[in-house]
Amino acid sequence: KGKATIVDGVKWYKAKIDGKKYWVNAKLLTPIAPDFRKLVSQKAKMVYELIIKLGCKHQGGAKTLSQIKQKRITTCATSVSVALQEAGVLRQGKLLSHTRKVGSSVAVRRKNTIGKAISGTSNLISGTYKIVKIGKTFRHMPAKYKKPGNVLVYDSNIAIIRDSQSMYSCNDGKSQKDRHGRYKSNITRSGYNFTSPVLYCIVIFP
């Protein structure tokens, strides 16, 4: 939809249909919501590739894309939050994060509320998501939630699904870093992310 032309108080838009140009009354047009999950997936790829390129280290303090670039630091919460910010799902400069520790057993973890498991949910943009309690490992999650762009919350990590077999993650694991502590990989294909229960899935709307 381009710039509107107003004639006698009525808004009109140009439209091209089958090679021919028409004028369409704005009242007949229905707004189409963005595919936020696709946007999150695209922005996550950009953010996580940038983290590798910059040689970012695992450290708090950055809250936006520009701060990641300046400080060259990130955490699991920062990287996820920035991807969501860039996709228009999270307010700029705000962080979405997991709690440090929410329980020592699967049964206890399943009982945790959103407020205890995830912080910053009030900064998510209304109409772009829903939060679903999972309480199962990644492998045992229902397939309908294993979609690129959805966000997974564990008891000690938060990550974005890359595909049905892997996810983008910036945890503090040694396998992700080089000898200087810089991230060399942000794609998790195995490890605790697949054996620890996912507390919640933040389902991003298409």
Side-chain angles (χ1 to χ4, degrees), residues 36-37 39-104 109 112 116-125 129 137-138 146 148-202 204:
F36 289 107
R37 189 162 61 229
L39 285 171
V40 170
S41 186
Q42 291 172 344
K43 297 301 181 181
K45 184 176 187 295
M46 178 271 291
V47 169
Y48 286 87
E49 286 181 352
L50 181 65
I51 288 168
I52 296 292
K53 183 178 178 180
L54 294 177
C56 292
K57 295 185 178 181
H58 189 92
Q59 183 180 324
K63 293 184 178 181
T64 63
L65 182 62
S66 61
Q67 288 178 3
I68 286 180
K69 292 177 180 178
Q70 292 167 7
K71 301 180 179 182
R72 300 196 174 195
I73 56 175
T74 192
T75 63
C76 59
T78 305
S79 51
V80 167
S81 298
V82 168
L84 295 178
Q85 288 173 29
E86 294 297 305
V89 175
L90 183 69
R91 290 184 176 84
Q92 283 294 314
K94 300 299 182 180
L95 294 181
L96 189 69
S97 185
H98 60 82
T99 54
R100 287 174 179 264
K101 193 69 177 175
V102 297
S104 56
R109 290 170 183 173
N112 273 274
K116 290 181 179 179
I118 320 168
S119 64
T121 55
S122 62
N123 293 308
L124 288 166
I125 306 301
Y129 74 99
T137 64
F138 181 81
K146 288 184 182 180
N150 283 347
V151 180
L152 303 181
V153 181
Y154 298 84
D155 66 332
S156 56
N157 191 35
I158 186 168
I160 295 175
I161 296 178
R162 179 174 179 258
D163 55 46
S164 62
Q165 302 296 322
S166 63
M167 65 189 78
Y168 293 112
S169 174
C170 273
N171 61 49
D172 204 13
K174 292 181 180 179
S175 62
Q176 286 188 295
K177 301 174 185 177
D178 63 18
R179 60 191 180 89
H180 302 292
R182 297 172 301 203
Y183 283 106
K184 63 182 180 180
S185 172
N186 285 307
I187 298 174
T188 302
R189 291 191 178 88
S190 61
Y192 84 94
N193 291 297
F194 287 83
T195 56
S196 291
V198 177
L199 300 177
Y200 288 95
C201 176
I202 303 175
I204 308 298

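Computed from a predicted structure; not experimentally measured.
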K45 and E49: CA distance, side-chain angles, deciding distance, salt bridge (charged side-chain N to carboxylate O under 4.0 Å, His left out) verdict: CA-CA 6 Å; K45 184 176 187 295; E49 286 181 352; 2.8 Å; yes
I204 and its side chain to side chain contact (heavy atoms under 4.5 Å, CB included) partner, picked from L39, N150, L124: N150
Distance-only side-chain donor-acceptor flag, T78 / T75, under 3.5 Å: yes
H58-Y183 side chain donor-acceptor pair, cut-off 3.5 Å: yes
Got a second to check how far [X]'s [atom1] is from [Y]'s [atom2], nearest 0.5 Å?
| X | Y | atom1 | atom2 | value |
| --- | --- | --- | --- | --- |
| S175 | R189 | OG | CZ | 11.5 Å |
| L84 | L95 | CG | CG | 10.5 Å |
| K94 | I125 | NZ | CD1 | 11.0 Å |
| L50 | I68 | CG | CD1 | 7.0 Å |
| I161 | I202 | CD1 | CD1 | 11.0 Å |
| S185 | Y168 | OG | OH | 11.0 Å |

Stepwise side-chain contact (heavy atoms from CB on, under 4.5 Å) check, I73 with C56: CA-CA 5 Å; I73 56 175; C56 292; 5.7 Å; no
Over 12 non-hydrogen atoms of neighbours within 6.0 angstrom of CD in Q92: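 Enclosed.
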Enclosure of R182 CZ (heavy-atom neighbours >12, cutoff 6.0 Å):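 Yes, enclosed.
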Under 3.5 Å donor-acceptor, T99 side chain and K116 backbone: yes
Write down the atom of [X], the atom of [Y], and the distance for their closest heavy-atom approach.
| X | Y | answer |
| --- | --- | --- |
| A83 | I160 | CB-CD1, 3.8 Å |
| S169 | T188 | CB-OG1, 3.3 Å |
| Y48 | S79 | OH-OG, 3.1 Å |
| D155 | H98 | O-ND1, 3.8 Å |
| N171 | C76 | N-CB, 4.4 Å |

Test log, rule side-chain contact (heavy atoms from CB on, under 4.5 Å), inputs Y154 and L199: CA-CA 5 Å; Y154 298 84; L199 300 177; 5.6 Å; no
Within 45° cone of F138 ring axis and under 6.0 Å: K146 NZ or CZ: yes
Quick one: does [X]'s side chain get under 4.5 Å of [Y]'s, heavy atoms only?
| X | Y | answer |
| --- | --- | --- |
| Q165 | F194 | no |
| Q85 | L65 | no |
| T74 | V82 | no |

L96/I118 under side-chain contact (heavy atoms from CB on, under 4.5 Å): CA gap, chis, key distance, verdict: CA-CA 7 Å; L96 189 69; I118 320 168; 3.9 Å; yes
Trace of the side-chain contact (heavy atoms from CB on, under 4.5 Å) decision for R179 with K184: CA-CA 10 Å; R179 60 191 180 89; K184 63 182 180 180; over 6 Å; no
